[in-house]
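Side chains included, hydrogens not; waters and symmetry mates left out as well; all remaining heavy atoms used. Each ligand, and each atom within it, is numbered from 1 in the order the structure gives.
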Amino acid sequence: MSEHLMNTYARLPVSFKKGDGAILQDADGNRYIDAISGIAVCSLGHAHPTISEAICKQSQKLLHTSNLYEIKKQKKLADELIQLSGMDRVFFCNSGAEANETAIKIARKYANQKQIEKPQIIVMENSFHGRTMATLSATGNDKVHEGFAPLVQGFLRVPFDNIEAIEAHSSNRDVVAVLVEPVQGEGGVHVPQNGYMKTIRELCDRNDWLMMVDEIQTGIGRTGKWFAHQHEGITPDVMSLAKALGNGVPIGACVTGKKASNILVPGNHGTTFGGNPLACAAGLAVIKTMKANNWVDFIAKKGDQLLNSFKDELSNTKGIVDIRGKGYMIGIQLDRPCGELVAKALDKGLLINVTRGDTVRLLPTFVMSSEQTETLVNELTGLIKEFLED
Ligand SMILES: *Cc1c(COP(=O)(O)O)cnc(C)c1O
């Protein structure tokens, strides 16, 4: 709309004035059920009282001091993340891409310690890891690469959900790490077969590789566990987080297990804003609220129900290829491009997303009421059926 904004987004012609729980309101007072949560960010809904209060209070005391000094809330938030993940240490940053950059730098430094000169990180086809040069190079999507050559070197691409393809690199001495999403989000909500993450863990152990898990979209309860890799009872060596960690306040984190905790040392890495008091106050309020209301177990249960509701309504509809997901991360794949569904849904008061051209993606807020859930299912399945009949 503005000639002074860089032309990087294809935006929808709507702007929101305020939010309340699962609802967003535009300037004309129209209400929308938010089934995308600002791309898996506002999981606890909009204007959550506990989180708003924590941000407000913190802003009246202190916003930023820089990492030249100790930051109490940063330590506290790290303690929480370590308790929840069973890992060891945390580096705080401001976004998902930065969390993955940290992971990639850890892998490079790990290679350096092992005197591997041209290290390779195994990454997946159809993956998404961010838009900085290293993270776009790790991303498995030609559209993301296009026009940005030369890419950052050192990524070996294999098909997702294919253990043999990873195993085939076991004798490759340049490999130092595997970077994988437990459920591919931007790639179209692809849930790998049971045991995939567990087998990657075993391969990493056997080959002395770092297992690096991108939980930026799947983390903080989204799939019905605090972190999606916990569905398989494993612990990675490196985990990246961002999106829902601040419920809308920008914050990212790279979490390490013992094997990866002491690879970066003073002077190797840093950020001005990362883990500032405001962002950490938001993160602490998110975790406190998630725990207090047991949102993780709730989403495990509600996610199954929501997925089944869509299956009940759509499974027998001609043109539906697949309905899949985990927790509140759901993909409905059609047999044709369906980008226009986004605008149709908007007209009906539903905020949804389409990835990979043919997959409706839902990332609802956890706080959506039963009534709102029913409306979402009824309206959206109606729209999809109508669309497929045309
Ligand atoms: C969103 C996302 C990123 C990038 O996060 P930004 O905060 O946009 O940099 C990386 N990986 C995954 C899996 C994501 O969903």
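A salt bridge between Arg31 and Asp26 is absent, with no side-chain N of the basic residue lying under 4.0 Å from a carboxylate O of the acidic one. The pair Arg222-Glu215 does not count as a salt bridge, with every side-chain nitrogen at least 4.0 angstrom from each carboxylate oxygen. In summary, Asp237 and Arg201 engage in a salt bridge, as defined by a charged side-chain N under 4.0 Å from a carboxylate O.
Contact residues of ligand 1 (protein heavy atom closer than 4.0 angstrom to a ligand atom; sorted by chain and number): Ser95, Gly96, Ala97, Asn100, Phe128, His129, Gly130, Glu181, Asp214, Ile216, Gln217, Lys243.
Scored by the salt bridge (charged side-chain N to carboxylate O under 4.0 Å, His left out) test, Glu186 finds Arg361 as partners (sequence neighbours excluded). Annotation: salt bridge (charged side-chain N to carboxylate O under 4.0 Å, His left out) contacts of Glu386 (sequence neighbours excluded): none. Legend: residues meeting salt bridge (charged side-chain N to carboxylate O under 4.0 Å, His left out) with Lys75, ordered by chain and number and at least two apart, are Glu70.
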